[in-house]
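Okay, structure first, notes after.
Every chain is numbered from 1, with letters handed out A, B, ... down the list of sequences.
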Number of protein chains: 2
Amino acid sequence: MNDPAKPIRLILCDDHAVVRAGLLALLDSAPDVDVVGEAGTGEEAVALAAKLNADVVLMDLQLGAGIDGVEATRRITAERPDTHVLVLTTYDTDADITRAIEAGATGYLLKAERPDELFAAIHAAAEGRTALSPPVAGRVMARMRSPQPTLTDRERDILAQLAQGLGNRDIARALFISEATVKTHLGRIYDKLGVDTRAGAVAVAKEQRLLG
Amino acid sequence: MNDPAKPIRLILCDDHAVVRAGLLALLDSAPDVDVVGEAGTGEEAVALAAKLNADVVLMDLQLGAGIDGVEATRRITAERPDTHVLVLTTYDTDADITRAIEAGATGYLLKAERPDELFAAIHAAAEGRTALSPPVAGRVMARMRSPQPTLTDRERDILAQLAQGLGNRDIARALFISEATVKTHLGRIYDKLGVDTRAGAVAVAKEQRLLG
DNA sequence: GCCGGGGTCAGCCGATCGGATGACCCGCCG
DNA sequence: CGGCGGGTCATCCGATCGGCTGACCCCGGC
């Protein structure tokens with residue numbers, strides 16, 4: 001897969017056209033990397049991966065409209081086990097990292113990383129080896145040490161409504177449950193997020209990118 | 001300033017090394033653009049602008065640590081009126097656009113824009129002409145039609161505390177004012193943001209990037 | 001010199017929240 | 001089959017919030 005005679009076949013996926021063009025120009029300067037496809041949305045990336053038999057998909061997680069990078073990663077790795085997804089993104093929040101890894105990403109690199117790290121990570125990904133940015137690796141380790149609270153689906157539902165600024169009664173109506181249940185969930189959410197007010201919960205949720 | 005014999009002298013400022021390298025590779029392919037400097041922080045950009053006599057600074061607004069792109073823009077345009085700052089960023093929120101323009105930015109381009117728009121905007125900026133991405137232009141127009149509420153400094157103080165999840169009493173203590181005053185400000189904040197709960201205010205604040 | 005905006009403070013009151021406790025149901029796993 | 005996690009609901013109560021009204025001060029512009 002890393003035969004010097006055969007350049008790495010790579011698909012680029014980033015919703016920012018300018019950034020994409022920049023990365024394309026950068027990768028083109030590397031003789032052993034062959035950018036065989038460009039995608040501006042998750043759907044495009046999945047479609048390209050299905051027919052291009054690429055070695056690596058360089059994937060941004062934030063893709064504006066349509067499916068996000070995590071979902072795209074999930075579909076690509078499910079359909080094409082030989083195509084390795086290398087996530088290249090801005091954020092190093094726990095939620096993003098965890099979701100990307102469990103979706104099947106081979107590596108997770110930050111855009112703040114040095115460019116040579118990018119090339120190294122691409123090679124690693126092409127061979128199926130994991131490559132993580134140091135800050136990302138640090139977070140993964142930290143998480144293993146003190147496994148962090150994960151919100152249940154229902155709790156995320158509640159949190160989503162909360163982030164709209166709704167009161168308990170409105171949340172209850174929106175989710176077809178009783179106000180008492182809402183308060184029960186809220187209490188657990190406060191516990192898990194380490195806050196004790198709804199405003200604090202919204203702040204943490206937005207900060208950790210727990211919601212869309 | 002746009003003599004074909006004299007390429008545009010440009011300084012690149014983006015905290016993401018990978019993106020910066022990509023843009024560098026992209027701009028290098030343009031014969032009439034000469035990237036004379038690269039900066040990963042606002043401070044670096046200001047320093048480079050001070051001594052390099054550049055025509056254009058391509059500036060990201062989100063710069064991680066240190067001063068942000070708006071402050072860097074303010075300092076550069078203050079010190080070097082002939083150096084035009086072209087903002088290149090991801091977000092097209094009103095708050096960002098307004099602050100960048102009032103800081104003296106000559107143009108405001110989104111990273112989602114087509115690359116050829118980037119080149120066009122760079123040329124425009126070099127000549128001191130304004131270049132706005134269509135979505136940005138639209139927002140500017142909309143704002144002129146219905147001037148939107150601007151939070152006062154004090155209201156932002158309150159909002160910042162609120163976003164920490166603090167209660168009224170805690171906010172009052174933190175800002176050395178009475179609880180009654182906090183409530184007065186909060187009421188006005190709710191009005192301006194079009195919400196009626198603290199959770200909603202936090203959500204809007206995070207959404208509109210009204211806070212750091 | 002008056003007016004308006006921004007900041008500060010007070011008191012009142014109904015609605016809501018936060019916390020605690022206890023309970024039931026269901027699906028899954030050992 | 002028994003336990004356990006997740007989801008649901010109820011009740012109670014003190015603390016807090018949100019809305020309202022009215023007031024004072026300072027400063028800068030007309």
Inset, instruction - Please say which of A:Lys111, A:Gln208, A:Gln62 ends up in a side chain to side chain contact (heavy atoms under 4.5 Å, CB included) with A:Tyr91. - result: A:Gln62

Inset, instruction - Apply the side chain to side chain contact (heavy atoms under 4.5 Å, CB included) test between B:Leu110 and each candidate in B:Val87, B:Leu88, B:Leu132, B:Val136; give the one that qualifies. - result: B:Val136

Table of protein N/O atoms under 3.5 Å from nucleotides 15-19 of chain C N/O atoms:
from	atom 1	to	atom 2	distance (Å)
C:dT16	OP1	A:Arg169	NH1	2.7
C:dT16	OP1	A:Arg169	NH2	3.0
C:dT16	OP2	A:Arg169	NH2	2.3
C:dC17	OP1	A:Asn168	N	2.9
C:dC17	OP1	A:Arg198	NH1	3.4
C:dC17	OP2	A:Asn168	N	3.4
C:dC17	OP2	A:Asn168	ND2	3.2
C:dG18	OP1	A:Tyr190	OH	3.4
C:dG18	OP1	A:Arg198	N	3.2
C:dG18	OP2	A:Tyr190	OH	2.7
C:dG18	OP2	A:Arg198	NE	3.2
C:dG18	OP2	A:Arg198	NH2	3.4
C:dG18	N7	A:Lys183	NZ	3.3
C:dG18	O6	A:Lys183	NZ	2.6
C:dG19	O6	A:Lys183	NZ	3.2

Just how far, in rounded Å, is [atom2] of [N] from [atom1] of [X]?
X        : N     : atom1 : atom2 : value
B:Ile189 : C:dG7 : CD1   : P     : 10 Å
A:Ile177 : D:dC9 : CD1   : C1'   : 10 Å
A:Arg156 : D:dG6 : CZ    : P     : 12 Å
B:Ile158 : C:dG6 : CD1   : P     : 15 Å
A:Asp153 : D:dG6 : CG    : P     : 11 Å
B:Asp157 : C:dG7 : CG    : P     : 9 Å
A:Leu175 : D:dC9 : CG    : P     : 11 Å
B:His185 : C:dG5 : NE2   : P     : 16 Å

Legend entry - Axis deviation across the helix from C:dG1-D:dC30 to C:dG30-D:dC1, five-pair ends, to the nearest 10°: 40°

Legend entry - Candidates C:dC9, C:dG7, D:dC9 - which lies nearest the side chain of A:Ala180: D:dC9

Legend entry - Whether B:Arg9 side chain and B:Asn53 backbone form a donor-acceptor pair below 3.5 Å: yes

Inset, instruction - State whether B:Thr152 places a side-chain N or O below 4.0 Å from either non-bridging phosphate oxygen (OP1 or OP2) of C:dG7. - result: yes

Inset, instruction - Output yes when at least one side-chain N/O atom of B:Thr184 is less than 4.0 Å from OP1 or OP2 of C:dG7, else no. - result: no

Inset, instruction - On DNA chain D, check which nucleotide each of A:Phe176 and A:Lys192 is closest to and give me the residue with the more 5' one. - result: A:Lys192

Inset, instruction - State, to 0.1 Å, how close B:Arg154 and B:Leu175 come at their nearest heavy-atom pair, and which atoms those are. - result: NH2-O, 3.3 Å

Legend entry - Where A:Val204 and A:Val195 come nearest, the two heavy atoms and their spacing: CG2-CG1, 3.7 Å

Inset, instruction - Using the side chain to side chain contact (heavy atoms under 4.5 Å, CB included) rule, take B:Thr106 and B:Val85 through it: C-alpha gap first, then chi angles, then the decisive distance, then the call. - result: CA-CA 6 Å; B:Thr106 297; B:Val85 176; 5.6 Å; no

Inset, instruction - Check every strand shown and say whether B:Thr181 touches a base, only sugar-phosphate, or nothing at a heavy-atom separation below 4.0 Å. - result: base

